[in-house]
Amino acid sequence: MITVHGPGRSHGRAVGNAGAVGAEGHEGGTPPGWPRRQLIDGIRFRVRAGIPWRDVPVEHGPWGRAYDVFRRRQGAAAGTVSSPGSRP
């Protein structure tokens, strides 16, 4: 998508649709998310292999997203949802 800025304007207006279609037919906006099943598989792989989070293979999604899902599920299982920086 091409953005055109007018004189003295900090915002633009979209012109055309050049290159707006991304991978797998996804059009602009937010990038496609990873299916939760892939992230869960990444968590299972990490636990089974006993490897650090950063070594989770890319086909299971970004390691940070898998870790976020893991933390949220751990908090929900314990009955408490902790926010980053909070103390037990």
Side-chain angles (χ1 to χ4, degrees):
M1 184 167 297
I2 302 168
T3 304
V4 177
H5 295 280
R9 296 181 186 207
S10 60
H11 65 280
R13 60 183 171 85
V15 177
N17 199 17
V21 177
E24 300 176 14
H26 185 76
E27 295 185 16
T30 13
W34 288 87
R36 189 166 304 272
R37 180 80 258 155
Q38 280 183 299
L39 297 171
I40 299 295
D41 288 345
I43 293 169
R44 293 175 59 223
F45 180 87
R46 188 254 177 213
V47 170
R48 185 175 60 243
I51 59 174
W53 283 106
R54 290 183 186 261
D55 292 340
V56 172
V58 176
E59 60 264 14
H60 298 299
W63 71 268
R65 287 285 297 129
Y67 179 70
D68 288 343
V69 171
F70 173 76
R71 291 290 296 176
R72 271 187 260 128
R73 288 184 174 243
Q74 286 293 98
T80 61
V81 179
S82 61
S83 61
S86 65
R87 296 183 181 215

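Fair warning: this is a prediction, and the values are worked out from it, not measured in the lab.
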Side-chain donor-acceptor distances from residues 48-67 under 3.5 Å, at least two apart:
none

For Arg37, give me all partners under salt bridge (Lys or Arg N to Asp or Glu O under 4.0 Å), at least two apart in sequence or on another chain. Asp41

Cluster question for you: counting only ILVMFWY and a side-chain heavy-atom cut-off of under 4.5 Å, with indirect links fine, are Ile43 and Phe45 together? no

Partners meeting side-chain contact (heavy atoms from CB on, under 4.5 Å) with Arg36 (sequence neighbours left out): Ile40, Val69, Arg72, Arg73

